[in-house]
Amino acid sequence: MRKVPIFLTLITAAMAFNAGSAEPEMGMDLMQNIEDANKSLSSNIALANKQAAGSDAKDLERMFQEVETFFEHKGDAKNAVDLARQSRELSADIVQLVATGKFDAATDKATTLSRTCRTCHTFYKKE
Ligand code: HEC
């Protein structure tokens with residue numbers, strides 16, 4: 001996982017926005033990594049793989065923290081900040097649930113998480 005470069009991309013985007021230049025863009029890698037981790041999470045929950053599912057959910061928790069920070073800096077996007085926070089909290093819940101082998105409950109949370117992706121995209125993703 002490329003933690004540092006993703007973070008730097010977000011900071012750069014936020015600074016570009018503050019300087020009044022181009023619209024900030026979410027690091028494309030960030031959403032792509034979220035997509036990959038989310039897919040991996042569903043299959044690892046289905047396989048009842050505690051360790052792998054836990055690691056995917058932790059990655060998602062960290063990445064949604066970055067999304068939350070991005071929208072906080074962007075401003076005028078309270079809905080997106082809330083949705084990013086909800087996604088981060090759902091990911092954290094999944095970490096706990098898979099650690100204790102509660103895969104059915106983890107599946108429910110993962111379904112809610114995927115719905116949250118779509119809600120945010122409906123409002124904030126162009127094209
Ligand atoms: C808080 C809002 C928000 C949430 C939650 C969110 N996304 Fe996104 N996503 C975006 C935005 C905004 C874009 C468009 C980025 C851009 O065009 O700059 C995007 C783009 C994407 C893309 C396209 C990236 C590309 O390379 O074109 C994928 C894939 C994606 N999201 C997957 C997900 C998945 C999977 C989830 C949930 C697990 C998720 N997103 C949750 C806001 C969100």
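Order of appearance sets the numbers: ligands from 1, and atoms from 1 within every ligand.
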Original post:
Just by modelled atom types, is the Ser40 backbone N or O under 3.5 Å from a matching donor or acceptor in the Asn44 side chain?
Top reply: yes
Worksheet item: So is Thr116 polar-close to ligand 1, meaning N/O to N/O under 3.5 Å?
Response: no
In ligand 1, the atoms that come under 4.0 Å of a heavy atom of Gln32 are 24 (C), 25 (C), 26 (O)
dist Leu83:CG -> Arg118:CZ (nearest 0.5 Å) comes out at 13.0 Å
Report yes if some N/O of His121 lies less than 3.5 Å from some N/O of ligand 1; otherwise report no.
yes
* **Lys39 vs Glu35, salt bridge (Lys or Arg N to Asp or Glu O under 4.0 Å): CA-CA, chis, key distance, verdict** => CA-CA 6 Å; Lys39 279 190 187 144; Glu35 167 93 352; 3.3 Å; yes
Taking only non-hydrogen atoms of Phe64 and a 4.0 Å limit, the atoms of ligand 1 in range are 5 (C), 37 (C), 38 (C), 41 (C)
Atom 5 (C) of ligand 1: of Ala77, Ala37, Ser87, the nearest heavy atom sits on Ser87
Here the atoms of ligand 1 under 4.0 Å from any heavy atom belonging to Ala80 are 1 (C)
In ligand 1, the atoms that come under 4.0 Å of a heavy atom of Cys120 are 1 (C), 2 (C), 3 (C), 4 (C), 5 (C), 42 (C), 43 (C)
The reported gap from CD1 in Ile34 to CZ in Phe64 (rounded to nearest 0.5 angstrom) is 4.0 Å
dist Asp29:CG -> Met63:CE (nearest 0.5 Å) comes out at 11.0 Å
Value for OG (Ser91) from CG (Asp59), rounded to nearest 0.5 Å, stands at 10.0 Å
